[in-house]
Amino acid sequence: MTFKKITAEEAALYVKNEDSVGFSGFTAAGCPKSVPEAIAKRAEEEHKKGNPFRIGIFTGASTGDLIDGALARADAVKFRTPYQSNKDLRALLNSNGTHYFDMHLSELAQSLRYGFLGKVNVAIIEAADITAEGEIIPTEGVGISPTICRLADKIIVELNHFHPKEIRGMHDIYEPADPPLRREIPVYTPSDRIGTPCLKVDPRKIAGIVETNNRSDGGKFSPLDDVTLAIGKNVSDFLVSEIKAGRIPASFLPVQSGVGNVANAVLGSMGENREIPAFKIYTEVIQDAVIKLMNEDRVKFASGCSLTLSPEALKEVYSRLDFFKDKILLRPQEISNNPEVARRLGLITINTALEADIFGNINSTHVLGTKMMNGLGGSGDFTRAAYLSIFTTPSTAKDGKISAFVPMVSHLDHSEHSVKIIITEHGIADLRGKSPIQRARVIIDNCVDPAYRPLLNEYLKLGVKGHTPQNLNCCFAFHREFSKSGDMHNVDWKNYL
């Protein structure tokens with residue numbers, strides 16, 4: 001079948017006001033770039049005419065600025081799910097300018113298939129290649145592409161020539177059957193292939209091909225500093241101690257690591273520590289540290305949903321595809337983040353907390369309990385199913401004016417029942433088998449910044465007698481003080497009793 005070649009502006013005309021649009025990719029990796037920008041410009045033009053134009057947005061996770069940013073600035077977002085990290089979209093949703101529902105990433109594709117979230121009208125997919133039979137080769141990220149292609153009325157393909165056709169073979173596309181026909185997902189080691197190397201779509205649904213040559217947005221993370229390096233070392237030292245204690249097999253276990261500079265520091269430190277065997281990764285986002293460790297033969301294989309790499313690291317992967325195609329698989333997030341697979345593989349999961357309380361509960365999403373930062377992402381998919389769940393965080397923020405540890409989290413994403421280990425630059429809190437008061441003492445003694453330890457120890461003395469010694473008059477004093485004076489150090493418990 002011969003597909004019609006169209007411009008991005010012509011493609012944007014297929015998207016109507018009130019449509020729900022699914023985009024490929026996971027983070028900025030694999031996201032279309034030209035068509036979303038054209039949709040945003042169309043929205044602006046319609047608004048100038050006095051016409052409404054807003055769309056619902058389904059993506060794999062966060063996106064590049066040309067989706068979330070451009071559409072938010074154009075006031076073209078009717079609703080958004082499941083995850084975002086764009087400052088303009090964040091401002092819009094925190095001002096209630098649009099609706100946003102935060103979801104476990106592994107659940108989005110099946111929620112769409114079940115009809116929980118309404119119809120998908122248009123799917124917009126970035127591709128490295130497409131065949132006349134409707135075989136689409138994704139680029140650096142897969143996300144929810146198989147499901148939105150199957151459900152959408154129309155598919156628009158951005159054929160991005162920046163990405164080599166030879167990337168074919170790096171993807172493993174698999175979509176499970178729905179109940180009551182669902183079977184086990186047959187992944188027993190991170191390198192198992194269970195699907196096809198491409199998306200297979202009905203070619204009659206492809207409305208057109210938009211040819212582009214757009215560079216990837218790339219992974220932009222903060223440089224490593226003394227704090228993140230110390231966290232990384234504490235994680236690797238802890239894992240070595242677990243191997244020596246026989247609680248992690250000597251051959252080690254697959255690792256899931258979250259996104260960002262702390263995750264890069266953790267993986268880098270694990271790679272440098274030769275008491276940790278060369279290991280495999282089963283995760284959602286493959287970052288620069290993984291590529292470096294593959295070159296050093298410290299990471300043997302990585303299964304993920306996206307290559308969220310710096311331009312330099314992506315260039316290296318593309319220049320040595322024969323080497324990396326034997327070591328990397330990119331899957332839909334329904335598989336990369338699947339709790340069934342995580343539990344079977346015995347993953348060591350390492351994710352970042354925005355805030356923790358002294359009893360082991362984690363807030364991953366909300367600042368001061370009300371303002372959404374990014375979203376839950378895949379942390380919940382992995383944490384509850386993990387062999388060993390670890391959360392990392394710097395102990396303070398805003399030059400020490402914010403403590404990452406508070407009496408009670410202002411928003412709960414992961415309860416104490418799922419959180420096994422917390423690690424900061426100061427040390428390690430092993431929460432396994434401990435009562436609430438024992439957890440509080442080990443967290444304060446080992447993870448809290450020394451400047452905040454006296455305040456939190458005083459709080460424990462104020463706790464109402466019971467299994468969990470909270471004081472409901474004082475439990476949000478840290479947050480209230482920051483809102484009032486801008487510095488949690490200024491808490492005086494007498495003011496809250």
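Residue indices begin at 1 and follow the sequence shown.
- Side-chain contact, R80 with T98: no donor N or O sits under 3.5 Å from an acceptor N or O.
- Side-chain N/O atoms of N337 and Q256 include no donor and acceptor closer than 3.5 Å.
- A donor-acceptor pair under 3.5 Å is formed between the side chain of K205 and the backbone N or O of A152.
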CA sep, side-chain torsions, deciding dist, call: R331, D172, salt bridge (charged side-chain N to carboxylate O under 4.0 Å, His left out): CA-CA 5 Å; R331 310 180 193 267; D172 187 40; 2.7 Å; yes
Salt bridge (charged side-chain N to carboxylate O under 4.0 Å, His left out) evaluation trace for D65 with R73: CA-CA 10 Å; D65 184 67; R73 292 188 291 271; 2.8 Å; yes
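- Sparse packing is recorded around NZ of K371, with 12 or fewer heavy atoms of other residues, nucleotides or ligands lying under 6.0 Å away.
- A salt bridge links K78 and E18; the closest N-O separation between the charged side-chain nitrogens and carboxylate oxygens is under 4.0 Å.
- No cation-pi contact links K325 to F323, judged by a cut-off of 6.0 Å to the six-membered ring centre and 45° from its axis.
- Between K200 and E133 there is no salt bridge, since none of the side-chain N atoms of the basic residue sits less than 4.0 Å from a carboxylate O of the acidic one.
- Side chains of S106 and Q333: no donor on one and acceptor on the other come within 3.5 Å.
- R298 places a side-chain N or O within 3.5 Å of a backbone atom of G271 that can act as its donor or acceptor partner.
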R168 and D129: CA distance, side-chain angles, deciding distance, salt bridge (charged side-chain N to carboxylate O under 4.0 Å, His left out) verdict: CA-CA 8 Å; R168 183 180 183 124; D129 197 13; 5.8 Å; no
Full working for side chain to side chain contact (heavy atoms under 4.5 Å, CB included) between L112 and V120: CA-CA 8 Å; L112 288 170; V120 181; 4.0 Å; yes
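- A 4.5 Å side-chain heavy-atom check between S24 and P32 finds at least one atom pair inside the cut-off.
- Looking at every heavy atom in both residues, K165 comes nearest to A128 through CG-O, 3.6 Å.
- Here the CD1-CZ distance, from I243 to F238, works out to 10.5 Å after rounding to the nearest 0.5 Å.
- Annotation: side-chain hydrogen bond (donor to acceptor under 3.5 Å, both in side chains) contacts involving residues 37-49, sequence neighbours excluded, comprise E46-N51.
- No donor-acceptor pair closer than 3.5 Å links the side chain of N295 to the backbone N or O of K292.
- Using modelled atom types, one side-chain atom of T383 and one backbone atom of S379 make a donor-acceptor pair closer than 3.5 Å.
- One side chain, S310 or D288, offers a donor N or O that lies under 3.5 Å from an acceptor on the other.
- Residue L66 holds its CG atom at 9.5 Å from SG of C31, rounded to the nearest 0.5 Å.
- Across every non-hydrogen atom of P203 and F3, the tightest pair is O-CE2, 3.6 Å.
- By the 4.0 Å N-to-carboxylate-O rule, R113 lies close enough to E334 to be salt-bridged with it.
- With contacts defined as side-chain heavy-atom distances shorter than 4.5 Å, the pair T393/L354 does not qualify.
- The CG atom of N160 lies 3.5 Å from the OG1 atom of T212; values are rounded to the nearest 0.5 Å.
- The one candidate from I350, V419, T349, V266 that meets the side chain to side chain contact (heavy atoms under 4.5 Å, CB included) condition with I390 is I350.
- The minimum heavy-atom distance linking T27 with A61 is given by the pair N-CB, 3.9 Å.
- A 6.0 Å sphere centred on NE2 of H161 holds more than 12 heavy atoms belonging to other residues, nucleotides or ligands.
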E158 and K33: CA distance, side-chain angles, deciding distance, salt bridge (charged side-chain N to carboxylate O under 4.0 Å, His left out) verdict: CA-CA 8 Å; E158 269 199 24; K33 302 166 183 66; 5.9 Å; no
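- Between M103 and S111, the shortest heavy-atom contact is CE-OG, 3.7 Å.
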Audit row: V187, Y282, side chain to side chain contact (heavy atoms under 4.5 Å, CB included) steps and yes/no: CA-CA 11 Å; V187 174; Y282 195 90; 4.0 Å; yes
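- Here the closest heavy-atom approach between residue F324 and residue E316 is recorded as CE1-O, 4.0 Å.
- A tilted orientation is assigned to the rings of H414 and F391, their planes being inclined by 30° to 60°.
- Side-chain contact annotation: T228 with N261, donor-acceptor N/O pair under 3.5 Å absent.
- By the salt bridge (Lys or Arg N to Asp or Glu O under 4.0 Å) test, D202 pairs with R204, sequence neighbours left out.
- Among residues two or more places apart in sequence or in another chain, the ring-ring contact (aromatic ring centres under 6.0 Å, His included) test is passed with H171 by none.
- Side-chain N/O atoms of E126 and T139 include a donor and acceptor closer than 3.5 Å.
- No side-chain donor from either of N86 and D68 sits under 3.5 Å from a side-chain acceptor of the other.
- Heavy atoms of other residues, nucleotides or ligands lying less than 6.0 angstrom from CZ of R384 number 12 at most.
- With sequence neighbours excluded, no residue forms a salt bridge (Lys or Arg N to Asp or Glu O under 4.0 Å) with D225.
- Of all heavy-atom pairs between F382 and A342, the closest is CD2-CB, 4.4 Å.
- Formation of a donor-acceptor pair under 3.5 Å by the D413 side chain with backbone atoms of L376 is not found in this model.
- For F58 and F79, the ring centers are positioned less than 6.0 Å apart.
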Chi angles and distances behind the side chain to side chain contact (heavy atoms under 4.5 Å, CB included) call for V290, T283: CA-CA 11 Å; V290 176; T283 191; over 6 Å; no
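- A search for side-chain hydrogen bond (donor to acceptor under 3.5 Å, both in side chains) contacts involving E340 returns R344, not counting sequence neighbours.
- Taken from CD1 in I6 to CD in E211, the straight-line distance is 11.0 Å, to the nearest 0.5 Å.
- The pair K327-D297 does not count as a salt bridge, with every side-chain nitrogen at least 4.0 angstrom from each carboxylate oxygen.
- Side-chain contact check for S34 and N214: at least one donor-acceptor pair (N or O, by modelled atom type) lies under 3.5 Å.
- Side-chain contact check for L388 versus I421: some heavy-atom pair is nearer than 4.5 Å.
- Legend: residues meeting side-chain contact (heavy atoms from CB on, under 4.5 Å) with K119, ordered by chain and number and at least two apart, are N121, D153.
- Using a 3.5 Å distance cut-off with no hydrogens or angles, the side chains of S236 and E272 do not pair a donor with an acceptor.
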